[in-house]
Structure formats: structure tokens, C-alpha cells
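Heads up, the thing below is written out as C-alpha cells.
Below, chains carry the letters A, B, ... as their sequence lines are ordered, and counting in each starts from 1. We use all heavy atoms of the structure for the numbers below, so side chains are in, but hydrogens, waters and symmetry mates are not.
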Amino acid sequence: TLKGDISILLDKASLESQESIGFIKATKVLMK
Amino acid sequence: SSDLEQICSYINEKIGNIKKFLSLRNCGQEPTLKTILNKIGDEIMVVNELLNKLELEIQYQEQTTKSLKELHESLEEDYKDVEHLK
Amino acid sequence: MEEEVDKLELMFQKADSDLNYIQYRLEYEIKTNHPDSAGEKNPVTLLQELSAIKTRHQILHACFKPIADEQKETKSRICATFNKTMTMIQNLQKQTDLELSPVTKEEKMAIQQLK
């Protein structure tokens with residue numbers, strides 16, 4: 001359903017964001 | 001023939017819409033249909049809320065992409081420094 | 001032949017305007033019979049909102065993938081730059097016999113995260 005599709009997309013987007021934020025933090029640690 | 005097909009699908013879509021409106025024409029009188037309409041209205045509000053969240057999430061993703069690019073640029077600077085050191 | 005085509009075109013235009021008028025009359029009748037009230041919307045409004053939602057979903061869905069792809073690409077570029085920088089530093093270390101401080105736990109975790 002449309003609602004289901006949007007919820008899946010929303011979950012995917014927030015997961016990607018969390019992953020990217022973790023990635024940025026790790027890179028900054030290594031750049032120190 | 002493709003033009004003719006386009007015209008046919010255009011006309012068929014319009015007929016489809018009119019059929020929809022015809023089926024909804026008397027729904028206001030029947031209490032059961034009215035409750036279904038209200039439920040649909042509520043669902044539309046919920047889906048709009050989800051879309052609002054999705055929009056914010058995508059804006060956040062754009063910011064994150066920007067920070068990743070800035071990070072890459074500063075890493076490239078570091079690389080140049082090490083190269084210079086070498 | 002041309003006359004036939006013109007006639008056909010007129011018929012389609014007439015059909016189109018008739019359908020528009022029928023839809024307009026139906027919408028008008030439904031809106032007058034069921035005016036929007038607090039909390040209760042009429043079917044025409046709901047249908048319009050539904051198609052607006054579908055359009056919005058399509059636009060956001062189309063936005064999402066390019067941004068995710070771009071992030072993935074930038075991350076791989078970051079990893080590539082980081083790796084070549086570390087390789088060069090290790091080469092320099094060997095040449096100068098300079099001992100670098102051991103990798104901390106935090107840095108190990110970060111390297112894992114990057115991988």
C-alpha cells in the first residue's frame with residue numbers, strides 16, 4: 001500500500017542517515 | 001496509431017474518473033459509507049504526516065551528503081600535506 | 001479523407017468537453033450535497049487529496065535514490081583517499097624510522113566502521 005511504501009522508504013532513509021553519521025564520526029576520529 | 005491510443009487512454013481515464021464520482025455520489029446519505037469516508041480522511045492525514053517526515057529526512061540526507069563532501073575535501077588536503085612532507 | 005479526419009477530430013473534442021462538463025456537474029453536486037465540515041471532508045476533496053499524496057510520494061521517491069547513491073560514492077572516495085594517505089604515511093614512517101604511536105581502541109573501532 002502507499003502508506004506501507006512510504007513507511008519502508010522512511011525507515012530506509014533514517015537507517016542511511018544513521019550509517020552516514022557513524023561514518024563521518026569514524027572518519028573524524030581517524031583524521032585527528 | 002500511437003496518437004489514437006493516447007487519445008483513447010486519455011478519454012478512458014476521464015470516464016474512469018466520472019465512474020468514481022458516480023459511485024461516490026450518494027455516499028453521503030449512507031452512514032456506513034460516511035464512516036468509511038471519514039476513515040479514508042483520517043488515513044490521508046496519517047499518510048501526509050509520514051510524507052512530512054520523509055521530506056524532513058531527505059533534507060537531512062542532503063545536509064549529510066554535504067558534510068561528507070566537505071570531509072572528503074579536507075581529507076584530500078591532508079593527503080596533499082603528506083605528499084608535500086614526503 | 002481529410003474531411004473524415006476533421007469530423008473525427010471534432011467528435012473527440014465534443015466527447016472531451018462533454019466528459020469535462022459531466023465531471024464538473026458531478027463534483028458540483030457532491031460538493032453542494034456534502035459540504036466540507038469540521039473533520040468530515042466530501043469525497044471530491046478526498047479524491048483530490050489522494051492524488052496529491054500520490055504525486056508527493058512519487059517526487060520524494062525520485063529524490064531519495066540519487067541522494068543515497070551520491071552518499072555511497074562520496075563515502076567510497078573518502079575511504080580511497082584515507083587509504084592512500086595512510087599508505088604514504090606508513091612509507092614515510094619506514095623511511096624515517098619514526099615510530100608512530102600505537103593505534104588506539106577508538107581508532108581501531110573507527111577503522112572497522114570505515115570498512
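- Sorted by first and then second residue, the pairs that involve residues 9-18 of chain C and meet salt bridge (charged side-chain N to carboxylate O under 4.0 Å, His left out), not counting sequence neighbours, are B:K14-C:D16, C:K14-C:D18.
- B:L4 contributes atom CG, which lies 5.5 Å from atom CZ of C:F12 (distance to the nearest 0.5 angstrom).
- Here the straight-line distance linking atom CG of B:L68 with atom NZ of C:K72 works out to 12.5 Å at 0.5 Å rounding.
- The closest side-chain heavy-atom distance from C:L47 to B:L24 is below 4.5 Å.
- Rounded to the nearest 0.5 Å, atoms CG (C:L60) and CD1 (B:I58) are 4.5 Å apart.
- For C:L26, the part lying near chain B is the side chain, with the backbone staying farther off; criterion is any non-hydrogen pair under 4.5 Å.
- Looking only at atom types and distance, the side chain of C:Q71 has a donor-acceptor partner in the side chain of B:T65 under 3.5 Å away.
- Of all the heavy atoms in C:L46 and B:G41, the pair that sits closest is CD2-CA, 3.6 Å.
- Of the atoms belonging to C:L19, heavy atoms from both backbone and side chain fall under 4.5 Å from chain B.
- Interface residue B:I7: only side-chain heavy atoms are found under 4.5 Å from chain C.
- Shown here is B:K53, whose NZ atom has no more than 12 heavy atoms of other residues, nucleotides or ligands within 6.0 Å.
- Separating the CD atom in C:E49 from the CD1 atom in B:I40 is a distance of 11.5 Å, to the nearest 0.5 Å.
- Between the CD atom of B:Q61 and the CZ atom of C:F64 there is a distance of 5.5 Å, given to the nearest 0.5 Å.
- Other residues, nucleotides and ligands contribute more than 12 heavy atoms inside 6.0 Å of the CD atom of C:Q13.
- Note on C:N42, C:T96, C:I59, C:N20: by heavy-atom pairs under 4.5 Å with chain B, the leading option is C:N20.
- Both the backbone and the side chain of B:L22 come within less than 4.5 Å of a heavy atom in chain C.
- The structure places CD of C:E70 at 9.0 Å from CD of B:E62, a figure rounded to the nearest 0.5 Å.
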Output side-chain donor-acceptor pairs under 3.5 Å for residues 79-86 of chain B, partner residues at least two apart or in another chain, one line each.
none

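- Between chain B and the residues C:N91, C:V44, C:I78, C:I22, the largest count of heavy-atom pairs under 4.5 Å involves C:I78.
- With hydrogens and angles left out, the side-chain atoms of C:R56 and B:N48 include a donor and acceptor closer than 3.5 Å.
- Tested against B:F21 for a side-chain contact (heavy atoms from CB on, under 4.5 Å), the candidates C:R25, C:Q23, C:E29 yield a single pass: C:Q23.
- Among the candidates B:N52, B:N17, B:V47, the residue making the largest number of heavy-atom pairs closer than 4.5 Å to chain C is B:N52.
- Here C:R77 does not pair with B:E76 in a salt bridge; the nearest charged N to carboxylate O distance is not below 4.0 Å.
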